[in-house]
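Structure first, commentary second.
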Amino acid sequence: MIDFENNIEKLYSMMDKCSICPRKCAADRNSGQKGLCNTADKIFIASSNIHRGEEPPVSADNGSGAIFFSNCVLNCVFCQNYPISQLGNGKEVSVEGLVGIMLNLQSRAVHNINFVTPTHYSAQIVKSVHAARKKGLKLPILYNCSGYENIETLKLLEGTVDIYLPDVKYSDDETAFKYSGVKNYVEINQIALKEMKRQVGDLTVTADGAAQKGVIVRHLVLPGNIENTKKALEFIAKELSESTFVSLMSQYHTAHKSNNFKELSRSLTKEEYEEAVNYLELLNLENGWVQNL
Ligand code: SF4
């Protein structure tokens, strides 16, 4: 039996000297101090709406109820949402306001509540979800994150999150630091994904094809970094399982500071993406989705 009130209390206390994410920058967020993620105790969201462009079981027939949070624990040089994630565009909402947004999305018949870039708001999210469930929220909760997660925080999300949609961005720490500015990405990411899999298992869907529970792993193929992709896929196949649902994404385009890096200042080529898809098949990762270039 999970004690959600206790989990909420523990998560909020982690924000006294913040260790909500693996950066553990120790900001006193509960007193209004912002940490490395540019976030204190207040919730800021950039938008909430029906999203039809996610993976097929996430959007399904009626769309996903996406709530985009402002700021991020990573600083990816190629971030395609950088006005939200890096510049912090958004407006403040209260916990009660977030509850209202979830219930409004539910009334519009979406298949899930999709928290996009949620990590730094884990405490507020768990509190809001449980308040919303008391008011009739029935939808699965989807945690759409970078995969750079503190294991202690993740453990406190058990029973709140139904579907994890994490990235495996990198398979070597040097690349992770160069492009996203964080240390030890690989080990932290791999421990986090194993914990997610332990909590919710492989993806299961409803009779009408909507995601119900489980993990979907995303990997964005970066130009000039095919070895990074291959090792990331090897981790998924060998250490999570071949049955893992993988979304292999080709949608890279230059954005934010990507032009500061020669290899990132161009589009992904057809040959690079085909090489990634072929490797996915070689590893018997047959569940999931590839994209058109
Ligand atoms: S969530 Fe933000 S404030 Fe907390 S440790 Fe991470 S970067 Fe620092």
Side-chain angles (χ1 to χ4, degrees), residues 4 6-46 67-79 81-95 98 114-130 141-158 160-161 164-170 173 175-193 195-196 199 256-257:
F4 291 111
N6 189 41
N7 285 0
I8 293 166
E9 203 176 302
K10 281 186 184 164
L11 284 163
Y12 271 91
S13 72
M14 287 171 77
M15 296 201 306
D16 285 340
K17 289 183 180 173
C18 194
S19 60
I20 287 284
C21 91
R23 300 185 82 167
K24 298 185 179 175
C25 72
D28 183 357
R29 293 175 63 188
N30 288 322
S31 299
Q33 188 183 5
K34 290 180 179 175
L36 292 173
C37 59
N38 197 29
T39 308
D41 53 336
K42 304 282 189 289
I43 309 168
F44 284 81
I45 65 166
I67 300 173
F68 286 80
F69 289 100
S70 307
N71 295 306
C72 183
V73 302
L74 299 185
N75 304 115
C76 302
V77 295
F78 51 84
C79 184
N81 281 338
Y82 74 94
I84 300 170
S85 70
Q86 304 301 311
L87 306 182
N89 288 357
K91 61 173 187 196
E92 185 182 334
V93 291
S94 61
V95 165
L98 192 53
N114 178 354
F115 290 125
V116 184
T117 322
T119 304
H120 45 309
Y121 289 117
S122 295
Q124 296 90 332
I125 283 172
V126 175
K127 187 172 184 180
S128 306
V129 166
H130 289 284
I141 299 298
L142 190 150
Y143 197 80
N144 183 344
C145 65
S146 69
Y148 191 65
E149 316 297 318
N150 179 0
I151 182 75
E152 301 308 323
T153 303
L154 272 185
K155 285 178 182 168
L156 297 170
L157 298 181
E158 186 166 11
T160 296
V161 173
Y164 284 102
L165 185 53
D167 292 328
V168 173
K169 287 182 183 292
Y170 306 110
D173 287 333
T175 309
F177 189 71
K178 183 168 62 162
Y179 296 156
S180 293
V182 292
K183 294 178 180 166
N184 303 326
Y185 179 94
V186 178
E187 185 185 12
I188 287 168
N189 175 247
Q190 295 186 353
I191 290 170
L193 265 76
E195 169 63 14
M196 293 175 193
Q199 286 183 23
H256 193 37
K257 298 177 181 169

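Atoms within each ligand, like the ligands themselves, are counted from 1 in listed order. Remember, predicted model here, so these are calculated numbers, not experimental data.
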Atoms in ligand 1 with a heavy atom of Arg29 nearer than 4.0 Å: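 Ligand 1 atoms under the 4.0 Å threshold to Arg29: 1 (S), 3 (S), 4 (Fe).
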
As an exercise, identify every atom of ligand 1 less than 4.0 angstrom from a heavy atom of Gly35. 3 (S)

Hey, is Lys24 touching ligand 1 through its side chain, its backbone, both or neither, going by heavy atoms under 4.0 Å? backbone

Between Tyr164 and Tyr143, how do the two ring planes meet: parallel, tilted or perpendicular, split at 30° and 60°?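 Plane angle over 60°, so perpendicular.
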
Phe69 and Tyr121 aromatic ring geometry - parallel, tilted or perpendicular at 30°/60° bounds: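 Tyr121 and Phe69: tilted rings.
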
Could you verify whether a donor N or O on one side chain and an acceptor N or O on the other, from Asp41 and Asn30, lie under 3.5 Å apart?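 Judged by distance alone, the side chains do not pair up.
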
Minimum-distance protein heavy atom relative to [atom]:
atom: atom 4 (Fe) of ligand 1; result: Cys18 SG, 2.3 Å
atom: atom 2 (Fe) of ligand 1; result: Cys37 SG, 2.3 Å
atom: atom 8 (Fe) of ligand 1; result: Cys25 SG, 2.3 Å

If hydrogens are left out, which of Ala27, Pro22, Ser19, Cys21 has an atom nearest to atom 6 (Fe) of ligand 1, that is, the closest non-hydrogen atom? Cys21

Any side-chain heavy atom of Cys18 within less than 4.5 Å of one from Lys24?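 No, their side chains stay 4.5 Å or more apart.
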
Mark yes when over 12 heavy atoms from residues, nucleotides or ligands other than Lys178 sit less than 6.0 Å from its NZ; otherwise mark no.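 Enclosed: over 12 neighbouring heavy atoms sit under 6.0 Å from NZ of Lys178.
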
Quick check on Tyr12: does its OH atom have over 12 non-hydrogen neighbours (other residues, nucleotides or ligands) under 6.0 Å away?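 Yes, OH of Tyr12 has more than 12 neighbouring heavy atoms, counting only those of other groups under 6.0 Å.
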
